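So the structure is just underneath, and the comments pick up after that.
Remember, it's a predicted structure, so these values are computed and weren't measured experimentally. What's counted below: heavy atoms across the whole structure, side chains too, no hydrogens, waters or symmetry copies.
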Amino acid sequence: MILLNLISMIILTLILLILLIIMILINMKMKFNHNKSAPFECGFDPFNKSRIPFSLNFYLIAIIFLIFDIEISIILPMILNFKISNMIYFNLMFMIFFMFMIITIFYEWKFGSLNWKI
Amino acid sequence: MFMFIMIINFLFLFLMVFMSVAFFTLLERKVLGYIQLRKGPNKFFIKGVFQPMGDGLKLFFKEVNYPSNMNFFIFMISPLLGLLVSIFFWFIYPYIGMNYIMGFGLIYMFCCSSMMVYIFLMISWSSNSNYSVLGMIRFISQMISYEVSMMIIIMNLMFLINSFNLNDFYIYQINMKFFFFLFFIFILLLVSFLAEMNRSPFDFSEGESELVSGFNIEFSSLSFIFIFMSEYMSIMFMGMLLCEMFFGLMMNKFYLNIYILMFMFLVIWLRGFLPRFRYDKLMYLVWKLILPLSLFLFVFNFSMKLFNLYH
């Protein structure tokens, strides 16, 4: 069954690649022009490089995202473990874990890393 | 022979998804037109029904724009990858035929939706323009923020039914739909889907007024078609997911399509009348409102489930 998925994925990829190659071959070709192939700006050559350093807020958001993503991947197996585990221990573990998650988000809030204006 | 028929079946599904994306664009243009008190496309072939085909052919034969300081290989290949990832979502859609239902379908969905972040990173980084990089920074920050809340809300529902399988939602909700007693979660999930799909109240990556077209500014011809189709395909998929999870529809029946159509109309309608949000408010909305609320509701629903099982 997984093989079947893979085969149909590969067929689809090949079809789209062939489409892309056909597009490159038959599309409209114009004379090369320096100003046209310059990166899009409001009518003049770009002043600076485009790969610029970005604001610290985005970095902090990414760090918090990382913490929560790991916590999500810890919760995911709990969904099937629910059926086979001892309920008292499971509930204790679940509640402590969620308490931890909720405290994490409120700690970040209090600490100020969610504020957009630093 | 059996495998051959199954592969044909999948390819037919993908073909139909492509076709429906084409007509989705026509629906969007018509509805936006009537919202703004004008007619949409109504001239082309039979009252403008075949307008999307004409648009597609026109875009296909257009000139490819090669910006001077792009990274060539990533620039050419990344829209293709975007289209592929957003069509691989549809493997968990079991339509009439000999398809099967994935046992871990929702985990597969999470994997695909996390991959989309990298695809958009590649698309906008490789085109190396100021506007596209600014759009990328905004878009990725927004997307990963809303991914957390989306995953937690979907896990909340998965905890109620104790399964990753999309068809178990139907079996669990035969008598009572989640929509009625989890209405609050429905709204939270709708908002996070809108932000995840980068649709209208939250479309910061392609804000027309400040960034001209955002992350896809340097693309033309077939590459642009690929990016465009991947966005609309993910809208339809999210609609399918939302309808299936909250209304518990039998997946093989026809009325699922009507529900998806209603969701698509809702998304276009929201684009018609809502103004754009403010970026810092968007971040406050997810980190200070939706995420704590969904965590609290997770604990609440879990305890209700336990009460139901053991009282």
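Among B/Leu84, B/Asn128, B/Leu80, B/Ile7, the residue with the largest count of heavy-atom pairs under 4.5 Å with chain A is B/Asn128. Between chain A and the options B/Leu11, B/Leu83, B/Val64, heavy-atom pairs under 4.5 Å are most frequent for B/Val64. Highest contact tally toward chain A, considering only B/Met136, B/Arg138, B/Met158, is held by B/Met158 [criterion: heavy-atom pairs under 4.5 Å]. Highest contact tally toward chain A, considering only B/Phe110, B/Tyr279, B/Phe226, is held by B/Tyr279 [criterion: heavy-atom pairs under 4.5 Å].
Counting only heavy atoms from C-beta outward, the side chains of B/Phe61 and A/Met23 never approach each other to under 4.5 Å. Side-chain contact check for B/Val133 versus A/Phe54: every heavy-atom pair is 4.5 Å or farther apart. Taking 4.5 Å as the limit, every side-chain heavy atom of A/Leu12 sits out of range of all side-chain heavy atoms of B/Phe10. Residues A/Leu80 and B/Phe104 are in side-chain contact: their nearest non-hydrogen atoms beyond the backbone lie under 4.5 Å apart. Looking only at side-chain heavy atoms (C-beta outward), B/Val299 and A/Met99 stay at 4.5 Å or farther from each other. The shortest side-chain heavy-atom distance between A/Trp116 and B/Trp287 does not fall under the 4.5 Å cut-off. The shortest side-chain heavy-atom distance between B/Lys288 and A/Asn115 falls under the 4.5 Å cut-off. No side-chain heavy atom of A/Phe98 sits less than 4.5 Å from a side-chain heavy atom of B/Phe296.
Contact between A/Leu114 and B/Tyr284 at its shortest, heavy atoms only, is O-CE2, 3.4 Å. Of all the heavy atoms in A/Leu76 and B/Phe164, the pair that sits closest is O-CZ, 3.5 Å. Taking every heavy atom of both residues into account, A/Ile79 and B/Asn162 meet most closely at O-OD1, 2.9 Å. Scanning all heavy atoms of the two residues, the minimum distance from A/Ala62 to B/Ile144 falls at CA-CD1, 4.0 Å.
Annotation: B/Phe159 is in aromatic contact with A/Phe94 [ring centroid separation under 6.0 Å].
With a threshold of 4.5 angstrom between heavy atoms, A/Leu16 approaches chain B through its backbone and through its side chain. With a threshold of 4.5 angstrom between heavy atoms, A/Ile72 approaches chain B through its backbone and through its side chain. Looking at A/Leu20, the atoms closer than 4.5 Å to chain B (heavy atoms on both sides) sit in the backbone and in the side chain alike. Contact annotation for A/Phe90: only side-chain heavy atoms (C-beta onward) come within less than 4.5 Å of a heavy atom of chain B. For a residue to count as touching a neighbouring chain, one of its non-hydrogen atoms must lie under 4.5 Å from one of that chain's; by this rule A/Met78 touches chain B with backbone and side chain alike. Proximity to chain A is absent for every atom of B/Ile161, based on heavy atoms less than 4.5 angstrom apart.
The line from CZ of B/Phe60 to CD1 of A/Ile26 is 4.5 Å long, rounded to the nearest 0.5 Å. Remark: A/Asn91 CG to B/Leu306 CG distance equals 4.5 Å, nearest 0.5 Å. A distance of 15.0 Å separates OH of A/Tyr59 from CD1 of B/Ile137, quoted to the nearest 0.5 Å. Within the model, atoms CZ of B/Phe14 and OG of A/Ser8 stand 5.5 Å from one another, a figure rounded to the nearest 0.5 Å.
Within residues 82-89 of chain A, the residues that have a heavy atom under 4.5 Å from a heavy atom of chain B are A/Phe82, A/Lys83, A/Met87, listed by number.
With sequence neighbours left out, the salt bridge (charged side-chain N to carboxylate O under 4.0 Å, His left out) criterion links B/Asp280 to B/Arg278.
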### Query
Could you go step by step and tell me if A/Ile61 and B/Ser145 meet the side-chain contact (heavy atoms from CB on, under 4.5 Å) rule?
CA-CA 7 Å; A/Ile61 291 288; B/Ser145 307; 3.4 Å; yes
